[in-house]
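Here is the structure we will look at, set down as C-alpha cells.
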Amino acid sequence: MKKSVILLFVSFLILSCKNDKKGGADDTEATLIRGEFILINDAGVIKGEDFIYGVVLNEKAHELNEKIKPMQREEYDMVPVVINGKIKDNTEEGWPEVVEITEILGVNTPTSELPTKINASGGEEEGEVLLEEENEEDHEGHDHE
C-alpha cells in the first residue's frame, strides 16, 4: 500500500513538473540586465561585459533614451543602465538576439573618461620612439666587441 501511494505521489510530481516546464517555455520571463545603452536614429543597443543585444524600439526604449540624453557627454556616448527585459532571438537583420525593455530600473552617470582621440601621424611617431627605446634596452648589459 505504501509503495503504491509513493508511486502515485512521484507520478503526480513528474506530471506537475512537465506542465511547469511547458508553460515556462511559451512565456519569456523578464531578465535583469546591466549594461550600457545607446539609441541612434532607429537602432538601439545595450552592451554588457559579455553580451551585446539589439533593442526592440518600443515605448520603454524611447523613454529610456529620454532619460539618458542629459547624461551623454557626446552624441555617441553610451550610458550605464539597469533594466528588466525579455531576451528574444532576432528574426530581422542585425544582432542575433534582441531585448524588449519591460521596466527601467535605473540610469547612472557614465564614470569612465571619454575615449582618447588619436591622431594617426602622432601614433606612428610614438610607435617609432618606443621601438628605438626597446632596441636600446635590448642592447644594455650585453658586451659587444
Side-chain angles (χ1 to χ4, degrees), residues 1-140:
M1 179 73 178
K2 287 184 180 181
K3 289 183 182 182
S4 59
V5 170
I6 292 174
L7 183 61
L8 182 64
F9 181 72
V10 170
S11 300
F12 178 73
L13 281 177
I14 291 172
L15 291 173
S16 296
C17 291
K18 285 185 180 178
N19 289 339
D20 288 345
K21 288 180 184 175
K22 189 175 183 180
D26 294 340
D27 300 326
T28 306
E29 290 187 28
T31 303
L32 179 69
I33 300 170
R34 294 176 188 269
E36 294 180 311
F37 174 78
I38 189 167
L39 179 69
I40 300 171
N41 299 328
D42 291 329
V45 174
I46 187 163
K47 178 182 82 75
E49 287 184 23
D50 57 353
F51 66 85
I52 296 178
Y53 299 128
V55 176
V56 175
L57 298 181
N58 60 9
E59 184 180 320
K60 288 289 184 183
H62 291 290
E63 179 183 336
L64 182 57
N65 187 46
E66 291 303 314
K67 287 185 177 190
I68 71 161
K69 275 185 180 180
M71 297 179 187
Q72 288 179 304
R73 299 164 289 191
E74 290 185 341
E75 180 182 5
Y76 299 109
D77 199 15
M78 296 184 83
V79 176
V81 298
V82 181
I83 61 164
N84 275 329
K86 295 180 180 180
I87 301 168
K88 304 174 180 181
D89 289 333
N90 189 5
T91 57
E92 299 175 12
E93 189 177 325
W95 301 104
E97 293 179 309
V98 295
V99 63
E100 179 181 349
I101 300 171
T102 57
E103 183 180 10
I104 301 167
L105 301 174
V107 177
N108 299 317
T109 305
T111 56
S112 63
E113 294 181 25
L114 287 172
T116 304
K117 295 180 182 174
I118 299 172
N119 185 349
S121 64
E124 290 174 11
E125 291 172 7
E126 290 176 17
E128 290 174 8
V129 171
L130 288 175
L131 288 176
E132 289 175 12
E133 289 175 5
E134 287 176 6
N135 287 336
E136 288 176 12
E137 290 175 7
D138 288 343
H139 294 294
E140 286 180 15

Qualifying residues under side-chain hydrogen bond (donor to acceptor under 3.5 Å, both in side chains), relative to Lys67, sequence neighbours excluded: none
Residues two or more places apart in sequence or in another chain: which of them pass side-chain hydrogen bond (donor to acceptor under 3.5 Å, both in side chains) with Glu103? Asn84
Exercise: identify the closest heavy-atom pair between Ile101 and Ala61: CD1-CA, 4.0 Å
Kindly write out the residues that satisfy side-chain contact (heavy atoms from CB on, under 4.5 Å) with Val79, not counting sequence neighbours, or none if the list is empty. Ile68, Met71, Gln72, Val107, Pro110
Would you please name every residue forming a side-chain contact (heavy atoms from CB on, under 4.5 Å) with Asn90, sequence neighbours left out? Glu92, Val98
Please report the C-alpha distance between Leu32 and Leu105 in whole Å, then the side-chain angles of each, then the deciding distance to 0.1 Å, and finally whether the side chain to side chain contact (heavy atoms under 4.5 Å, CB included) criterion is met. CA-CA 9 Å; Leu32 179 69; Leu105 301 174; 3.3 Å; yes
Find out whether [X] and [Y] are in side-chain contact, i.e. whether some heavy atom of one side chain is under 4.5 Å from a heavy atom of the other.
X     : Y      : answer
Leu57 : Leu39  : yes
Ile33 : Ile87  : yes
Val81 : Ile104 : no

Listing, residues 40-47 side-chain donor-acceptor contacts under 3.5 Å, not counting sequence neighbours, or none:
none

Derivation of the side chain to side chain contact (heavy atoms under 4.5 Å, CB included) call for Phe37 and Asn65: CA-CA 8 Å; Phe37 174 78; Asn65 187 46; 4.3 Å; yes
In chain order, what residues pass the salt bridge (Lys or Arg N to Asp or Glu O under 4.0 Å) check against Glu66, with sequence neighbours excluded? Lys69
Which residues share a salt bridge (Lys or Arg N to Asp or Glu O under 4.0 Å) with Lys86, sequence neighbours left out: none
Could you name each residue pair satisfying ring-ring contact (aromatic ring centres under 6.0 Å, His included) that touches residues 52-90, not counting sequence neighbours? Phe51-Tyr53
